[in-house]
Amino acid sequence: MARSLTENKTRTALFVLVVFGLCSFFYLLGVWQRSGFGRGDSIAAVVNEQTKCLKLPNLNFETHHSASDLLNDTFSSQVKTFEPCDAEYTDYTPCEEQKRAMTFPRDHMIYRERHCPPENEKLYCLIPAPKGYVAPFPWPKSRDYVSYANVPHKSLTVEKAIQNWVHYEGNVFRFPGGGTQFPQGADKYIEQLASVIPITKGKVRTALDTGCGVASLGAYLLKKNVLTMSFAPKDNHEAQVQFALERGVPAYIGVLGSMKLLFPSRVFDMAHCSRCLIPWSGNGMYMMEADRVLRPGGYWVLSGPPIGWKIHYKGWQRTKDDLQSEQRKIEQFAELLCWKKISEKDGIAIWRKTLNGKSCPRKQDNSKVAKCELTSESDVWYKKMEACITPLPEVKSVSEVAGGELEPFPQRLNAVPPRIARGFVPGFSVQTYQEDNKLWQKHVNAYKKTNDLLDTGRYRNIMDMNAGLGSFAAVLESPKLWVMNVVPFIADTSTLGVIYERGLIGMYHDWCEGFSTYPRTYDLIHANGVFSLYQNKCKFEDILLEMDRILRPEGAVIIRDTVDALVKVEKIANAMRWETRLADHEGGPRVPEKILFAVKQYWTADSKSRR
């Protein structure tokens with residue numbers, strides 16, 4: 001019996017020793033492979049390279065997480081296939097729909113503002129492309145030519161014929177670069193501006209064009225490396241913003257009416273109005289809103305009535321007294337705001353905003369004008385515009401730029417933004433900002449392994465639905481493309497000011513509602529954490545159908561989120577005629593965050609079927 005006990009103890013000790021040895025071996029093997037020296041990594045790299053594909057629909061890779069790996073209640077109900085909407089909805093814009101707009105008051109252009117449909121009026125069908133739709137011309141040819149089949153509206157070619165907005169030639173529209181106030185072309189007009197404003201030196205990078213028409217100013221400012229946010233209402237000037245986006249120029253449907261503009265304070269280097277029909281001489285409210293979004297030292301350009309009234313009053317069919325009175329009021333408001341007029345010539349007037357409050361005490365201390373009270377930079381979503389002056393950050397001297405001075409572009413793209421350096425953005429430091437840049441460089445490199453057309457010019461108009469610090473756009477920055485950086489107004493921290501300080505553009509939005517753009521206006525949509533952010537806020541179907549509406553046929557989608565969210569999203573996406581592939585995080589299969597790549601299939605109103 002004693003012998004038997006001894007043998008059992010020996011076998012137990014031997015078993016423990018073997019188990020310990022095997023555990024140690026596999027642990028050291030794992031460390032060796034992760035170090036980059038192991039053969040396992042090199043084999044994986046070769047396999048990844050061999051499976052790299054040129055076209056996203058042909059991707060062939062598997063994820064380690066699929067619907068079968070999740071709990072059964074992840075899909076408690078089946079998603080019904082979404083049917084095409086009727087052909088009459090090809091240009092449907094849910095929050096700027098004409099019939100609904102006409103039920104609202106016309107004062108302050110309220111009826112041209114956002115008015116989204118109630119829940120029982122939302123469309124749960126796919127917006128069709130018009131018959132004959134084709135991929136837009138590549139940039140820069142798209143600046144000058146748009147296929148008639150894509151935007152089949154000719155009214156502007158008649159209404160604006162002598163102003164050189166757009167001409168219809170054969171099966172295309174041609175854009176000669178003219179405008180109401182610059183019929184000889186945007187290039188010559190920009191030369192006039194550049195004789196006063198340092199447009200070509202990188203000091204003017206972000207611009208706002210109010211009442212932009214077909215955005216020819218923004219299109220030609222791109223040659224000077226100036227990124228312009230252009231907007232115009234959806235009105236009797238049919239499809240003007242649609243033309244702008246089809247040309248590959250940043251634009252959105254909007255109006256300077258009763259609501260605040262959807263931007264933070266102090267973000268634009270230049271604001272521009274060329275016969276934009278905005279009543280600047282009213283109660284000063286619109287000039288105060290322009291002042292809010294202009295950077296300290298920024299420029300405001302006004303051309304057209306009443307500027308140049310002494311020469312043009314007969315052509316404008318207005319009296320001298322009327323025009324002189326209008327300009328006098330504008331001058332008075334500009335003085336109140338401490339804008340200094342630096343030029344008035346050939347029907348163009350240019351003012352410059354003061355650098356800080358110390359250099360203009362009357363602006364800060366004027367008891368006749370209220371001071372705006374913003375609880376945060378993002379406190380503009382559906383907020384009424386007010387006749388008040390937005391205070392500037394404090395400075396120590398009259399020469400200091402309020403809020404901090406920016407580097408010229410392109411240096412400012414990766415320089416530490418003043419809002420970060422001065423601690424104006426809670427939760428972010430210089431270190432976390434730099435780490436975010438490195439992280440998104442890694443993410444974008446991983447995206448390119450799946451879709452190597454990402455920064456080739458194949459995707460001109462790009463939407464980032466939850467842009468954070470703008471690092472995704474910063475990595476992609478190129479003359480071949482531009483990114484609309486959206487910061488959801490429900491985000492914990494407002495980072496849109498940082499995005500603008502990097503020389504990028506964007507706006508606030510709520511993805512439970514339709515975006516202020518026409519259908520088929522973006523080539524690629526990137527969504528980082530959007531569905532986790534909107535969990536229990538609105539239905540995933542609402543967000544995905546809106547993504548489908550604004551995405552071009554054969555456009556691409558990249559969604560980065562938790563695996564639970566993505567499995568739900570993928571099921572809905574497949575019901576919307578998207579081809580999808582769910583991929584592991586670049587950090588490996590054990591990372592709970594995954595990436596869903598998708599491509600919207602081509603189909604039109606006449607076919608209503610997959611190609």
Would you indicate whether the side-chain heavy atoms of [Y] and [X] approach each other to under 4.5 Å?
| X | Y | result |
| --- | --- | --- |
| Met270 | Leu221 | yes |
| Leu337 | Met288 | yes |
| Phe489 | Leu262 | no |
| Arg549 | Tyr518 | no |
| Cys116 | Arg100 | no |
| Leu261 | Arg292 | yes |
| Met259 | Ile110 | no |

Verify whether one side chain among [X] and [Y] offers a donor that lies under 3.5 Å from an acceptor in the other.
| X | Y | answer |
| --- | --- | --- |
| Tyr433 | Arg502 | yes |
| Asn466 | His526 | no |
| Ser494 | Tyr508 | yes |
| Ser397 | Ser399 | yes |
| Ser471 | Asp436 | yes |
| Arg520 | Asn150 | no |
| Glu344 | Gln327 | yes |
| Trp482 | Asn461 | yes |
| Ser265 | Thr390 | no |

Could you tell me whether [X] atom [atom1] has more than 12 heavy atoms of other residues or ligands within 6.0 Å of it?
| X | atom1 | result |
| --- | --- | --- |
| Glu169 | CD | yes |
| Glu394 | CD | no |
| His108 | NE2 | no |
| Lys345 | NZ | no |

Row check, [Y] ring normal vs [X] NZ/CZ: under 6.0 Å, within 45°:
| X | Y | value |
| --- | --- | --- |
| Arg419 | Phe424 | no |
| Arg247 | Phe175 | yes |
| Arg318 | Tyr313 | no |
| Arg412 | Tyr500 | no |

Does Cys276 form a disulfide (SG to SG under 2.5 Å) with Cys212? I'd like the steps, not just the answer. CA-CA 7 Å; Cys276 61; Cys212 65; over 6 Å; no
Got a sec, which residues hit side chain to side chain donor-acceptor pair (under 3.5 Å) with Ser230, two or more places apart in sequence or on another chain?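 Residues passing side chain to side chain donor-acceptor pair (under 3.5 Å) with Ser230: none at all.
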Does this structure show an ion pair linking Asp269 with Arg295, if we count only N-O contacts that are shorter than 4.0 Å?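 Yes, Asp269 and Arg295 are salt-bridged.
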Checking Asn356 side chain against Ser359 main chain: does a donor-acceptor pair fall under 3.5 Å?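 Confirmed, Asn356 side chain pairs with Ser359 backbone.
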Angle between ring planes, [X] versus [Y], binned at 30° and 60°: parallel, tilted or perpendicular?
| X | Y | value |
| --- | --- | --- |
| Tyr148 | Phe173 | tilted |
| Trp300 | Trp351 | tilted |
| Phe515 | Trp511 | parallel |

Output field: ring centroids Phe263/Phe268 closer than 6.0 Å: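 They qualify: ring centres under 6.0 Å apart.
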Test applied, side-chain hydrogen bond (donor to acceptor under 3.5 Å, both in side chains); reference residue, Ser516; option that passes from Glu113, Lys234, Arg114: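 Exactly one pass, corresponding to Arg114.
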Under 3.5 Å, which donor-acceptor pairs do the side chains of residues 181-197 form with other protein atoms, sequence neighbours left out?
from, atom 1, to, atom 2, distance (Å)
Gln184, OE1, Lys188, NZ, 3.0
Asp187, OD1, Lys223, NZ, 3.3
Asp187, OD2, Lys223, NZ, 3.0
Tyr189, OH, His272, NE2, 2.7
Tyr189, OH, Ser303, OG, 2.9
Ser195, OG, Gln192, O, 2.6

